[in-house]
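The structure appears right after this line, and notes come after that.
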2 protein chains.
Amino acid sequence: MLQRAQARITRALEAELLLGHDLALASYDVLTRLAESPDRRLRMNDLADRVLLSRSGLTRLVDRLQRDGLVEREACPDDARGLFAVLTDDGAVRLAEATPTYLRGIRAHLLGALGADELRRCAAVLAGLAGPPPGEG
Amino acid sequence: MLQRAQARITRALEAELLLGHDLALASYDVLTRLAESPDRRLRMNDLADRVLLSRSGLTRLVDRLQRDGLVEREACPDDARGLFAVLTDDGAVRLAEATPTYLRGIRAHLLGALGADELRRCAAVLAGLAGPPPGEG
DNA sequence: CTTAGAACGTTGCACATGCATCTACATAGG
DNA sequence: CCTATGTAGATGCATGTGCAACGTTCTAAG
């Protein structure tokens, strides 16, 4: 249930971001992680973990983002093996433009895909899995 | 938040099903939909909708499932354009074997990825989006 | 210093997927 | 009957992804 709802939402978001901002969802995710990191930069490895993408997947994705000027690679002074992925100004702008679309999409599609009722049931399921709240019972 | 948690769970589930039962998550989903349908069969088109896969994607996936003997195609008597995808006995067995893995995985990874606390917060977020329950307030 | 092993990121390959297109069949209008 | 339009699935192509393997660099042990 959660599975399918999420798949629907993901695909809708993907389409909207792509259409409106020429950004894949994975790209949006990468830009977000970079934006919220100190100096807008992250080691490729760390980024791969946060973005839930394999190393190779990230390599290619950053290739594309770099080609589009949204991200740059910088050598890591401490470790010659390492590379930083750095959010460019253009990248920050694109991200800022896309964020409202993203947030609106989450809200709209979450409600649209499930309906308030199912949403409540999902909430109940999650709450049940989590166990009773600590300050109660 | 939900996004990334779900991605993590999906990938973990995918890996476990693949390793333990040689079933991709998409395949598991297809088998499930067929199993819960009357006569264990569904038109390709209907199946594609329920499984959240494009038509072409489903064509290929059913190709693979058919190759592995888990599903068969049957002509549709009413409409010569149409095809049924039918769950075979082998398919039903594989599905039955995989289901415990799936359910255990959902529970384990949902809790593992988020922790009871975050889970409660997610539940609260969903509940908030859904609005107040009808029988209250 | 030298060597062995680990870690970081990239690349070759295989594969699943979507979009656009195609064919076959169905349905409506003449 | 014949034609036009729509629908069900399949296929060509491009793309994004992961796994395994590779080269480079770091770290530890001698």
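Here is how names work: the chains are called A, B, and so on, in the same order as the sequence lines, proteins then strands, and each is numbered from 1.
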- So, does the side chain of B/R81 form a donor-acceptor pair with the base of D/dT7 at under 3.5 Å? yes

- Task: Tell whether A/S56 reaches the base of D/dG18 with its side chain through a donor-acceptor pair below 3.5 angstrom.
- Result: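 Yes, the side chain and the base share a sub-3.5 Å donor-acceptor pair.
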
Lys/Arg N to Asp/Glu carboxylate O, [X] vs [Y], below 4.0 Å:
{"X": "A/D46", "Y": "A/R41", "result": "no"}
{"X": "B/D89", "Y": "B/R94", "result": "no"}
{"X": "A/D29", "Y": "A/R33", "result": "yes"}
{"X": "A/D78", "Y": "A/R43", "result": "no"}

Rounded to whole angstroms, how far apart are [atom1] on [X] and [atom2] on [N]?
{"X": "A/L58", "N": "C/dT11", "atom1": "CG", "atom2": "P", "value": "13 Å"}
{"X": "B/L47", "N": "D/dG9", "atom1": "CG", "atom2": "C1'", "value": "13 Å"}
{"X": "A/E14", "N": "D/dG16", "atom1": "CD", "atom2": "C1'", "value": "10 Å"}
{"X": "A/M44", "N": "C/dT11", "atom1": "CE", "atom2": "P", "value": "11 Å"}
{"X": "A/L42", "N": "C/dC8", "atom1": "CG", "atom2": "P", "value": "13 Å"}
{"X": "B/F84", "N": "D/dA8", "atom1": "CZ", "atom2": "P", "value": "13 Å"}
{"X": "B/L13", "N": "D/dG18", "atom1": "CG", "atom2": "P", "value": "16 Å"}
{"X": "A/L53", "N": "D/dG16", "atom1": "CG", "atom2": "P", "value": "12 Å"}

- Note on the structure: The reported gap from CD in B/Q66 to OG1 in B/T88 (rounded to nearest 0.5 angstrom) is 10.0 Å

- Task: Could you pick out which residue, A/D79 or A/D63, lies toward the 5' side of DNA chain C when each is mapped onto its nearest nucleotide?
- Result: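 That would be A/D79.
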
- Would you classify B/A26 as touching base, sugar-phosphate or nothing, given that sugar-phosphate means primed atoms plus P, OP1 and OP2, and contacts are heavy atoms under 4.0 Å? sugar-phosphate

- For A/R60, which contact category applies under a 4.0 Å heavy-atom criterion: base, sugar-phosphate, or nothing? base

- Query: To the side chain of B/S54, which of D/dG16, C/dA26, C/dG18 is closest?
  - Reply: C/dG18

- Query: Think B/R73 has a side-chain N or O under 4.0 angstrom from the OP1 or OP2 of D/dA10?
  - Reply: yes

- Message: Does D/dT7 have OP1 or OP2 under 4.0 Å away from a side-chain N or O of B/N45?
- Response: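 For B/N45, the contact criterion (side-chain N or O under 4.0 Å from OP1 or OP2 of D/dT7) is not met.
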
- Of B/R43 and A/R55, whose closest DNA chain D nucleotide lies nearer the 5' terminus?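 That would be B/R43.
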
